[in-house]
Amino acid sequence: MSRYSANEIEAKWQEAWDKAGIFVANHKADKPKYYVLEMFPYPSGRIHMGHVRNYTMGDVIARHKLATGHNVLHPMGWDAFGMPAENAAMASGGHPKDWTYSNIADMRGQMKPLGLSIDWSREFATCDPEYYGQQQALFLDMLEAGLVYRKNAVVNWDPVDMTVLANEQVENGRGWRSGALVERRELTQWFFKISDYSEELLSALDTLDNWPAKVRLMQENWIGKSRGLQFGFERTDGEEPITVYTTRPDTLMGASFVGISPDHPIAKQLEAESPEVAEFVAECRKGGTTEEAIETAEKLGYDTGIKVKHPLDPNWELPVWIANFILMDYGTGAIFACPAHDQRDLDFCRKYDLPVIDTFFALEDDTPVDKIAFVPPKTEKVRWVNHFAGLTEATGDEAINATVDFAEKAGWGEGVTKYRLRDWGLSRQRYWGCPIPVVHCDTCGTVPEKKENLPIQLPYDNGDGNPIDFSIPGNPLDRHPNWRDCACPACGAPAKRETDTMDTFVDSSWYFARFTAPRAETPTDLAEAEYWMNVDQYIGGIEHAILHLLYSRFFARAMNVTGNLPKKAIEPFDALFTQGMVTHEIYQTRDKNDRPVYHLPEEVTDGKLADGTEVEIIPSAKMSKSKKNVVDPVSIISAFGADTARWFVLSDSPPERDVEWTASGAEAAFKHLSRVHRIASEIVDSDIPANAEDKILLREMHKAIHDVSGGVESFGFNASIAKLYAFTNTLAKSKAGTDAKRQAAKTLAQLMSPMTPHLSEELWQMLGGEGLVATAPWPVADEAMLVDDTVTLPIQVNGKRRAEISVAKDLPKDEVEKLALSTEAVQRALDGATPKKVIVVPGRIVNVVV
RNA sequence: GCGGGCGUGAUGGAAUGGUAGACAUAUCAGACUUAAAAUCUGAAGGGCGUAUGCCCGUGUGGGUUCGAGUCCCACCGCCCGCACCA
């Protein structure tokens, strides 16, 4: 009898798969194609358990599809541009390119032992010039199609490091490295016109039936379609009216002031004229650019002294304030405030002592607004105070529509549909990204680079053999001695290259299309894209629910318009699955100042440190190096094997939810796999004649085929594994003959093969299976074997279970009823009473109502 | 602030509106062993009871239903996202 030795068999079978070339995707037309893709990783240098879970899920799907006769494309690549490489270069020297490629080599080396069914021949990294050169070609196509433009936009600016900061680099309003107070500053930036597609991206969400409803809702809210009224407030000084946009025009009688953004043209004009305004606006620009930072910052206002006339009452004058919570990017950058029915406006008015006017009340409560604004759902009926369009009782929605109609008829306003979705700013003032292929020429202006000059490559050094110094703040491309110098593609005169590089979201917005023809001389090969697109199953983290997925949907449309993708691919992901994280307990103690001190899992036994100190345990926390609750897949694989890691990350929780990594759970998974191996080898060594138990075992086998397959097809991997445990227990206890047990064990090996491919190959071979289990046809359940002849029915009296009966599965309802009523326990519960009603749900339950 | 999600034994979780707790972990008991490990068998939501059983129980409070973990309303708690992290 042989023992289960994961390390030996895993290497052996990986070699066998490689040799057979079974995971190399070829464009063969005789089988249905299936494209399964997991979001590609950032090459940090180490894989983590989240990767193991993500890629194992995709692998289960890919292997199951392979076994069910599909032509499977399952590729892998690297999302390789981005700030960590530059941060590493800044912190510890070296070059982002070297750092990245060495990380990729390390990670590939850690991933291969997982035994994933990946077609490695298609691998690429987004920082390969062959990839980003094609991305530059796409950019030029989009520029030509009018989908790219330049405008000013606000960024986080670190005045000490003289650099743009990412939101995550702003901590409590200060730069993470310099500690300087961050300012909002305007720069000229490149933008994709994603807003051209607002309506299209919104309405097409309805076609994405196989996406989680949650993700569609998040995108819907992100696009943020709203209907409102746009109109001008006339200024008393005769200057141009101030145009405002409001989604609550019905509350116009409650207006207490007109507010403009600190970035509004009027504010800018005043800023130039008045030092006092300049000071105020500068104050507003302190703090981060995130919506959260702006919304939660203390309300600040400045009375400009400008007055406007209320559109409904020429004698009513409203002041114009600059307010820090008004976004220039949304609507017109100007609003009217109705403090009674908007909490932000109310906070502002209370602070600056501006009037608060109730415009409607709840039907049965006319308490004036004090500290809490009255904001009922727009579907709720309210009672209006002196409404200008003549409303008395109406819902918010009705009032808004009536008001828009009223304003349009009267001619002072216009109903307008707006979207919250802003254009996608793709400029990054950084080195390690795809260079934007345009040239600035003194005579011709901004000129696209010629396609034959692509790729515009990043310079590795300073051109004179001296390395680029990444330790100085700012963009190395800007200060490079000669990289910027070039000839204008239009007139040939000396010109300067654009030094902004692209947002890394651009890289990941089309990689799925590139995988269909990764070595093509154009961004895509239309014939290959036509065959392989769309991605049949896309798998990744919920954190990408909005940006990455929305940008990809936009890119697919843009690529279609520019002839780089077929029409069928404008929604590139047919089905989406968002998996949960892998979490782990945090072990912490406290230092003298009561600050937490974290401990590695291996330092803790039975809730105590080696010196006996009690450890505080925080359950289910996201794995993070700083909290020391990280489990390294590499050490798990060397201790137990990849199959154990794969089995465990799928077993304990539903895939969309977080799974808690526990040492005992991993060990138990290993024990179970060893047990399956032992059971199989005992069967091989046995010689039991066929007997009456055979049919019972085979019946259970068909039920297992049915349940496990169902779980795999519906992302119920944990349910499949629970069934595999149960079936293994059945097999271990069965007294059936050797032939039946061998058949059951072979089926068990097949059913396990998507999760534990190496062990399954080993078992398959031991049990005399033909060829590789990976390519053996997936077993099919015999429907006739799934139904038992008798069923057990629980009997309830008034909804409480009192007894159960065992009946033939097709026994008529009235017979079932008779049987149920005659049961002793039911008679006792009835206690002589006559049932009012008996509900018989065939095959399910009987309920006797008294 | 806005938006989204989740609350079931000691723990992870299962349950087309139909026997709540499948499957697993941890725990306990037994078998094997000189002993331990490994393995095998079994117990187990809480309470009462020798027991057939009975009562209570899915965050809290209401509601719909013959029947609610599941549907509806309100509340409480926790987690996540918010446009330059990937």
Side-chain angles (χ1 to χ4, degrees), chain A residues 39-42 44 79 81-84 87 153 155-156 164-170 189 214-215 217-218 220-222 224 289-297 325 329 343-344 347 420-430 503-505 507-508 541-548 550-551 581 619-622 648 651-654 656-665 667-669 671-672 674-675 678 716 718-719 721-726 729 732-733 792-804 824-825 828 835-839 841 843-850:
Chain A
M39 291 178 186
F40 64 167
Y42 179 79
S44 62
D79 191 11
F81 276 136
M83 296 204 315
N87 290 340
V155 296
N156 296 310
V164 176
L165 296 179
N167 282 333
E168 67 155 18
Q169 295 176 322
V170 181
Q189 311 252 294
K214 168 167 72 166
V215 174
L217 184 61
M218 283 166 87
E220 186 183 324
N221 290 333
W222 189 258
T289 59
T290 67
E291 203 165 299
E292 184 193 8
I294 292 165
E295 298 263 344
T296 52
F325 62 90
D329 289 311
Q343 191 61 45
R344 282 180 312 189
D347 294 345
R420 203 182 73 106
L421 180 66
R422 312 202 292 254
D423 277 335
W424 171 11
L426 70 122
S427 286
R428 297 292 180 269
Q429 293 70 39
R430 295 180 212 289
D503 178 8
T504 56
F505 272 120
D507 312 336
S508 55
I542 187 72
E543 65 272 24
H544 294 291
I546 298 174
L547 293 185
H548 163 59
L550 192 65
Y551 291 160
M581 293 183 304
S620 304
K622 183 176 180 168
F648 180 72
S651 66
D652 256 17
S653 290
E656 67 275 15
R657 242 192 268 178
D658 292 349
V659 66
E660 171 106 352
W661 182 276
T662 61
S664 58
E667 203 167 312
K671 280 184 193 172
H672 176 74
S674 305
R675 180 169 178 241
R678 194 173 54 247
N718 59 323
I721 285 183
K723 188 66 199 178
L724 286 166
Y725 269 111
N729 289 339
K733 285 178 191 165
T792 305
L793 289 183
I795 303 166
Q796 298 181 333
V797 177
N798 285 338
K800 279 184 194 296
R801 196 189 75 92
R802 293 299 174 191
E804 58 183 37
E824 194 198 323
R828 193 170 53 232
K836 277 191 203 135
K837 195 168 159 191
V838 179
I839 293 150
V841 184
R844 277 286 174 196
I845 204 166
V846 180
N847 192 8
V848 181
V849 187
V850 185

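Labels below follow one simple rule: chain letters A, B, ... track the order of the sequence lines, proteins then strands, and each chain is numbered from 1.
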Novice: Is it the case that the base of B/U16 and the side chain of A/R844 share a donor-acceptor contact (distance under 3.5 Å, atom types as modelled)?
Specialist: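 By the distance-only test, yes, there is a pair.
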Novice: Using whole Å, what does the distance between atom P of nucleotide B/U65 and atom NZ of A/K836 come to?
Specialist: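 Rounding to the nearest Å, NZ of A/K836 and P of B/U65 are 14 Å apart.
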Novice: Which heavy atom of A/L421 sits nearest to which heavy atom of A/L550, and what is that distance?
Specialist: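 Between these two residues, the closest heavy atoms are CD1-CD2, 3.8 Å.
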Novice: If you check every side-chain atom of A/S653, which of B/G13, B/A86, B/A22 has the closest atom?
Specialist: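 For A/S653, the side-chain atoms sit closest to B/G13.
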Novice: Which residue lies toward the 5' end of RNA chain B, A/I542 or A/S651, if each is placed at its nearest nucleotide?
Specialist: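 It is A/S651, whose closest nucleotide lies nearer the 5' terminus.
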Novice: Please give the distance between the C1' atoms of B/U27 and B/A35 as a whole number of Å.
Specialist: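 To the nearest whole Å, 23 Å.
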Novice: Can you check nucleotides 40-48 of chain B for protein contacts, nitrogen or oxygen pairs under 3.5 Å, and list what you find?
Specialist:
unit_1: B/C40; atom_1: OP1; unit_2: A/R675; atom_2: NE; d: 2.8

Novice: How would you label the contact of A/W424 with the nucleic acid (heavy atoms, under 4.0 Å): base, sugar-phosphate, or nothing?
Specialist: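 Nothing, no heavy atom under 4.0 Å.
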Novice: Nearest to the side chain of A/M83, heavy atoms from C-beta on, is which of B/G12, B/C6, B/A86?
Specialist: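 Within the option list, the nearest is B/A86.
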Novice: With P as the reference atom in both, quote the distance from B/U33 to B/C28 in angstrom, rounded to an integer.
Specialist: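 The answer is 23 Å between these two P atoms.
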Novice: How many Å lie between CE on A/M39 and P on B/C85, as a whole number?
Specialist: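 The distance from CE of A/M39 to P of B/C85 comes to 17 Å, rounded to the nearest Å.
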Novice: Would you mind classifying the nucleic acid contact of A/S427 as base, sugar-phosphate or nothing, using non-hydrogen atoms under 4.0 angstrom?
Specialist: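 Base: the residue A/S427, judged by heavy atoms under 4.0 Å, touches a nucleobase.
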Novice: So what does A/G665 touch, heavy atoms closer than 4.0 Å: a base, only the sugar-phosphate, or nothing?
Specialist: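 Nothing, no heavy atom under 4.0 Å.
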Novice: Given atom CD1 of A/I721 and atom P of B/G13, what is their separation to the nearest angstrom?
Specialist: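 In whole Å, B/G13 P and A/I721 CD1 are 15 Å from each other.
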Novice: Please report the distance separating the P of B/U58 from the corresponding atom of B/G21, rounded so that it comes out in whole Å.
Specialist: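 So the two P atoms sit 14 Å from each other.
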Novice: Give one of base, sugar-phosphate or nothing for A/R430, where a contact means two heavy atoms less than 4.0 Å apart.
Specialist: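 Counting heavy atoms under 4.0 Å across all strands, the contact made by A/R430 includes a base.
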Novice: Among B/A86, B/C6, B/C23, which is the nearest nucleotide to the side chain of A/N729?
Specialist: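 Nearest listed nucleotide: B/C23.
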Novice: In this structure, how many angstroms lie between the C1' atom of B/C84 and the CG atom of A/D423, rounded?
Specialist: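 Spelled out: CG on A/D423 to C1' on B/C84 is 16 Å.
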Novice: Using 30° and 60° as the class limits, which term best fits the ring planes of A/F505 and A/Y551: parallel, tilted or perpendicular?
Specialist: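 Geometry flag for A/Y551 against A/F505: perpendicular rings.
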Novice: To the closest 0.5 Å, what do you measure between CG (A/L547) and OG (A/S508)?
Specialist: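 A/L547 CG to A/S508 OG: 10.0 Å, rounded to 0.5 Å.
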Novice: Please list, for nucleotides 66-70 of chain B, all pairs of protein and nucleotide N/O atoms separated by less than 3.5 Å.
Specialist:
unit_1: B/C66; atom_1: O2'; unit_2: A/N847; atom_2: ND2; d: 3.4
unit_1: B/C66; atom_1: O2; unit_2: A/N847; atom_2: ND2; d: 2.6

Novice: Heavy atoms only, 4.0 Å cut-off, all strands: where does A/Q429 land among base, sugar-phosphate and nothing?
Specialist: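 Counting heavy atoms under 4.0 Å across all strands, the contact made by A/Q429 includes a base.
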Novice: Taking the side chain of A/S664 as heavy atoms from C-beta outward, which of B/C84, B/A83, B/A26 is closest to it?
Specialist: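 It is B/A26.
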Novice: Work out how far the C1' atom of B/G69 is from that of B/G1, and round it to whole angstrom.
Specialist: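 Straight-line distance between the two C1' atoms is 33 Å.
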Novice: Please report the distance, rounded to the nearest Å, between CG in A/L547 and P in B/A86.
Specialist: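 Taking atom P of B/A86 as the reference, CG of A/L547 is at 11 Å.
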Novice: B/C82 phosphate, OP1 or OP2: any side-chain N/O from A/R422 under 4.0 angstrom?
Specialist: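 So the side chain of A/R422 is outside the cut-off, no N or O lying under 4.0 Å from OP1 or OP2 of B/C82.
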Novice: Would you kindly give the CG-to-C1' distance between A/L426 and B/A83, to the nearest whole Å?
Specialist: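 Computing the A/L426:CG to B/A83:C1' distance gives 13 Å.
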Novice: Excluding sequence neighbours, so at least two apart, what forms salt bridge (charged side-chain N to carboxylate O under 4.0 Å, His left out) with A/R428?
Specialist: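 Expected list: A/D503.
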Novice: State which of B/A83, B/C84, B/U19 makes the closest approach to the side chain of A/L421.
Specialist: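 Of B/A83, B/C84, B/U19, B/A83 is nearest to the side chain of A/L421.
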Novice: Using whole Å, what does the distance between atom P of nucleotide B/A22 and atom CG of A/N718 come to?
Specialist: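 It is 15 Å, rounded to the nearest whole Å.
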Novice: Could you tell me whether A/H672 contacts a base, only the sugar-phosphate backbone, or nothing, with contacts defined as non-hydrogen atoms closer than 4.0 Å?
Specialist: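 No contact at all - A/H672 keeps every heavy atom at 4.0 Å or more from the nucleic acid.
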Novice: State the CG-CG distance between A/N847 and A/N798, to the nearest 0.5 angstrom.
Specialist: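 It comes to 7.0 Å.
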Novice: Output yes when at least one side-chain N/O atom of A/T662 is less than 4.0 Å from OP1 or OP2 of B/U25, else no.
Specialist: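 It does not, given that no N or O in the side chain of A/T662 lies less than 4.0 Å from OP1 or OP2 of B/U25.
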Novice: Provide a list of protein-nucleic acid N or O atom pairs under 3.5 angstrom, restricted to nucleotides 52-54 of chain B.
Specialist:
unit_1: B/C54; atom_1: OP1; unit_2: A/R802; atom_2: NH1; d: 3.1

Novice: Give me the distance, rounded to whole Å, that separates B/G57 from B/G9 when you measure between the P atoms they each carry.
Specialist: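 Roughly 14 Å separates the two P atoms.
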Novice: Identify the two heavy atoms, one from A/R657 and one from A/S653, that lie closest to each other, and give their separation to 0.1 Å.
Specialist: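 Scanning both residues completely, I find the closest heavy atoms to be O-CB, 4.5 Å.
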Novice: Just label B/G81 as syn or anti from its O4'-C1'-N9-C4 or O4'-C1'-N1-C2 angle, using within 90° of 0 for syn.
Specialist: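 Nucleotide B/G81 adopts anti.
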Novice: Please check: side-chain N/O of A/N718 versus main-chain N/O of A/D652, any donor-acceptor pairing under 3.5 Å?
Specialist: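 No.
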Novice: How many whole angstroms separate atom OH of A/Y725 from atom P of B/G12?
Specialist: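 Taking OH of A/Y725 and P of B/G12, I get 17 Å after rounding.
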Novice: What integer number of Å spans the P atoms of B/A26 and B/C79?
Specialist: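 Comparing P positions in B/A26 and B/C79 gives a spacing of 28 Å.
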Novice: Using a 4.0 Å heavy-atom cut-off, does A/P41 contact any base of the nucleic acid, only the sugar-phosphate backbone, or nothing at all?
Specialist: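 No contact at all - A/P41 keeps every heavy atom at 4.0 Å or more from the nucleic acid.
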Novice: Determine the minimum heavy-atom distance between A/Q189 and A/A153, stating which atoms define it.
Specialist: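 Scanning both residues, the minimum pair turns out to be CG-CB, 3.9 Å.
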Novice: Tell me whether the rings of A/H672 and A/Y725 are parallel (<30°), tilted (30 to 60°) or perpendicular (>60°).
Specialist: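 Judged by the thresholds at 30° and 60°, the geometry between A/H672 and A/Y725 is tilted.
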Novice: Given B/G13, B/C84, B/C23, identify the nucleotide with an atom nearest to the side chain of A/Q189.
Specialist: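 The answer is B/C84.
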Novice: If you look at every heavy atom in A/Y42 and A/P84, which pair is closest and at what distance?
Specialist: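 Looks like OH-CB, 3.3 Å.
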Novice: Is the shortest side-chain N/O distance from A/K723 to OP1 or OP2 of B/A24 below 4.0 Å?
Specialist: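 A/K723 to B/A24 OP1/OP2: no side-chain N or O under 4.0 Å.
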Novice: Quick one: closest heavy-atom pair of A/I542 and A/V215, and the distance?
Specialist: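 Shortest heavy-atom contact: CD1-CG2, 3.8 Å.
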Novice: What's the gap between B/G67 and B/G18 when it is taken at their C1' atoms, as a whole Å value?
Specialist: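 It comes out at 7 Å once rounded to the nearest Å.
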Novice: CZ/A/F648 to CD/A/E667 distance, rounded to the nearest 0.5 angstrom?
Specialist: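 Going from the CZ atom of A/F648 to the CD atom of A/E667 covers 11.5 Å.
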Novice: Heavy atoms only, 4.0 Å cut-off, all strands: where does A/F325 land among base, sugar-phosphate and nothing?
Specialist: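 Nothing, no heavy atom under 4.0 Å.
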Novice: I'd like a list of close polar pairs between nucleotides 2-4 of chain B and the protein, N/O only, cut-off under 3.5 Å.
Specialist:
unit_1: B/G3; atom_1: O3'; unit_2: A/N221; atom_2: ND2; d: 3.3
unit_1: B/G3; atom_1: O2'; unit_2: A/N221; atom_2: ND2; d: 3.1

Novice: Rounding to the closest angstrom, what is the interatomic distance between B/G81 and B/C73 at atom C1'?
Specialist: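 To the nearest whole Å, 27 Å.
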Novice: What's the closest nucleotide to the A/K671 side chain, out of B/C23, B/A86, B/A38?
Specialist: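 Closest nucleotide to the A/K671 side chain: B/A38.
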Novice: Please list every stem that involves RNA chain B, where a stem is a run of 3 or more consecutive Watson-Crick or G-U wobble pairs with both pairing distances under 3.5 Å.
Specialist: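 Stem segments, range with range: B:1-7 with B:76-82, B:10-12 with B:23-25, B:27-31 with B:39-43, B:45-48 with B:53-56, B:59-63 with B:71-75.
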Novice: To the closest 0.5 Å, what do you measure between OG1 (A/T504) and CZ (A/F81)?
Specialist: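 A/T504 atom OG1 to A/F81 atom CZ measures 10.0 Å (nearest 0.5 Å).
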Novice: Would you name the heavy atoms of A/R802 and A/A825 that are closest together and state the gap between them?
Specialist: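 In terms of heavy atoms, the two residues are closest at O-CB, 3.4 Å.
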Novice: Record whether the side chain of A/E656 comes under 3.5 Å of the base of B/C6 through a donor-acceptor pair of N or O atoms.
Specialist: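 Absent.
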